[in-house]
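Notes follow once the structure below has been shown.
Read the numbers this way: they start at 1 and go in the same order the structure lists the ligands and their atoms.
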Amino acid sequence: MTGLWWARRDLRLADNPALTGAQEDGGAAAVFAWTDGITRWSGRRSAHLARVLWQLRDQAGGALAVRRGAADAVVAQAAREAGAAVVWAAREFTPAGITEQDAAAAALEADGRELRLIGSPYAVAPGRVRKADGDPYKVFTPFRDAWRQHGWRSPADAGDPASLRPLAPHQDDIDLDQRAAHGDASDPLVEPHEFREDRLLADLDAFIADDLRRYRDDRDRPDLDGTSHLSTALAFGQIHPRTVLAATARERHPSARVFESELAWREFHADVLFHHPGARRESLTPVLRERDWLDGRDADEAFTAWRDGLTGFPLVDAGMRQLAQTGWMHNRVRMVVASLLVKDLRVPWQRGADHFRRALVDYDHAQNQLNWQWVAGTGRDASPFFRIFNPMTQADKFDPARRYVERWVPEVDTPAYPAPIVDHATERRITLDLYQAAKAERSS
Ligand SMILES: Cc1cc2nc3c(=O)[nH]c(=O)nc-3n(C[C@H](O)[C@H](O)[C@H](O)COP(=O)(O)OP(=O)(O)OC[C@H]3O[C@@H](n4cnc5c(N)ncnc54)[C@H](O)[C@@H]3O)c2cc1C
């Protein structure tokens, strides 16, 4: 009997229980649904997805169907064509992912088939790590400690690309060659190695061998670029966090524990969103009153200056331009730009999160929404609202020689560069006063 692997956010052959599950009984087919949701992604992100799928299909000897349509319809149709009684997929935990897999399970069941969910994009599935009384953790550090204690499986055996069977061409097939080349002037298909799974695994090994030791000291320095850049591979599931954790576990240097702790944040945010699906839009903790936020034209102008990297705060502008030009931004700078938008310009975090959704290639729903809530002081175990980053002292501390700023804002010291659009000290005071007033109103 043939199985079907429904590829989702697990676009890899290595360490993939859904793929190996589908191959349990021998040959299996593989399908990816190019849904309406994906058609709304930015051109850059969907081009990246196309490249990732392109390399996966290439590794699989062409045996990966990528079809336009709702996941339930695409998967049910592919299962019929493959004659698969069982469809294997990684379990999703985001609200949209759950809706999608419920619909696919129902469509398959109506056809006398079964959806079997196995594994997840996390070392420990969201909802699994709980306090002794069964409640979810609200605070990160005890979550992380319990998460470590819970532990995770060793990486699964690699899937066998040779036993994947292609599906016949279909009218809904996506033209991956064309999609993958779209949106990037330098044709990536000439040398698509940086999208290849084996190359990413080699990059991980190189990071661990060469840079992990420096991670604890350098990870906050955008000028030194001392982080792993694994976020995009993790977002598309080209590498499973369990594979990363198995590699870092062999390292004795304390930096390895700091790095694992960052991966624990990824798991914590996914856990929070799983327990509080509303957190994708709603603040978990109120901070200001509705009327305290900027709106109308003032908000539009402030937002536009922020988005375009023209606030007059060099570190913020450098970050926003790095994002616009590369689709990625250093974590410390993400925090500083988000703080400026929410706490100096008083634009609600959701608007910034929406912009990041359009601009980031490593966009991950849980990580983005919950990190915005963390900076905005509205999340679980968030940075307190009254902690307002000073964009000038952050720059002095984390980009001391101004190398990062000069790289992204070359005109910083010329008259062409704008003066700050607000006075940080003044806005900070206003925001804190509003916060106190909102707090008093809530408790009265
Ligand atoms: C406002 C804001 C929005 C963000 N949006 C996203 C997003 O959409 N997608 C995303 O993957 N990350 C997001 N992050 C988290 C973080 O900035 C990126 O994961 C990190 O910069 C990626 O670079 P790296 O892989 O080199 O990180 P490294 O420092 O090398 O960290 C290794 C891995 O740990 C995880 N990690 C590190 N920091 C965090 C964190 N704060 N929260 C959760 N996981 C973390 C990531 O998976 C990362 O790849 C956001 C942070 C902020 C402040």
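- Distance check, rounded to the nearest 0.5 Å: CD of Q350 to CD of Q369 gives 8.5 Å.
- Annotation: side chain of L273 is in contact with side chain of P95 (closest heavy-atom distance under 4.5 Å).
- Using a 4.0 Å cut-off to heavy atoms of F356, the atoms of ligand 1 that qualify are 1 (C), 3 (C).
- Residue R266 approaches ligand 1 through these ligand atoms, each under 4.0 Å from one of its heavy atoms: 43 (C), 44 (N), 47 (O).
- Taking a 4.0 Å cut-off on heavy atoms, F259 registers as neighbouring ligand 1.
- Using a 4.0 angstrom heavy-atom cutoff, F207 does not count as in contact with ligand 1.
- Here the rule is side chain to side chain donor-acceptor pair (under 3.5 Å) with E197, and of Q59, Q55, R12 only Q59 fits it.
- For the pair K343 and F389, the cation does not sit on the ring face, since its NZ or CZ is not both under 6.0 Å from the ring centre and inside 45° of the axis.
- Geometrically, R51 does not engage W54 in a cation-pi contact, judged by NZ or CZ lying under 6.0 Å from the ring centre and within 45° of the ring axis.
- Selection from V258, V375, D362 by nearest heavy atom to atom 9 (N) of ligand 1 gives D362.
- At least one N or O atom of D364, backbone or side chain, sits closer than 3.5 Å to an N or O atom of ligand 1.
- Under a 4.0 Å heavy-atom criterion, H229 is in contact with ligand 1.
- Considering only non-hydrogen atoms, atom 27 (O) of ligand 1 lies nearest to T227 out of T227, L341, L263.
- Some N or O of N371 is nearer than 3.5 Å to an N or O of ligand 1, by distance alone.
- Of the residues D223, D217, D218, the one that meets the salt bridge (Lys or Arg N to Asp or Glu O under 4.0 Å) test with R221 is D223.
- By the criterion of a heavy-atom distance under 4.0 Å, the side chain of L234, and not its backbone, is placed next to ligand 1.
- Polar contact with ligand 1: present for N331 (N/O pair, distance under 3.5 Å).
- At a heavy-atom cutoff of 4.0 Å, ligand 1 is contacted by the side chain of L360 but not by its backbone.
- Here's the thing with L230: one of its N/O atoms is less than 3.5 angstrom from an N/O atom of ligand 1.
- In terms of protein heavy-atom proximity, atom 38 (N) of ligand 1 is nearest to E262 OE1, 3.2 Å.
- At a heavy-atom cutoff of 4.0 Å, ligand 1 is contacted by no atom of W374, backbone or side chain.
- R68 forms no cation-pi arrangement with W34, by the criterion of a distance under 6.0 Å to the ring centre and an angle within 45° of the ring axis.
- Between R297 and D300 there is no salt bridge, since no side-chain nitrogen of the basic residue lies less than 4.0 Å from a carboxylate oxygen of the acidic one.
- Geometrically, R351 does not engage W349 in a cation-pi contact, judged by NZ or CZ lying under 6.0 Å from the ring centre and within 45° of the ring axis.
- Considering only non-hydrogen protein atoms, atom 13 (C) of ligand 1 sits nearest to R334 NH1, 3.3 Å.
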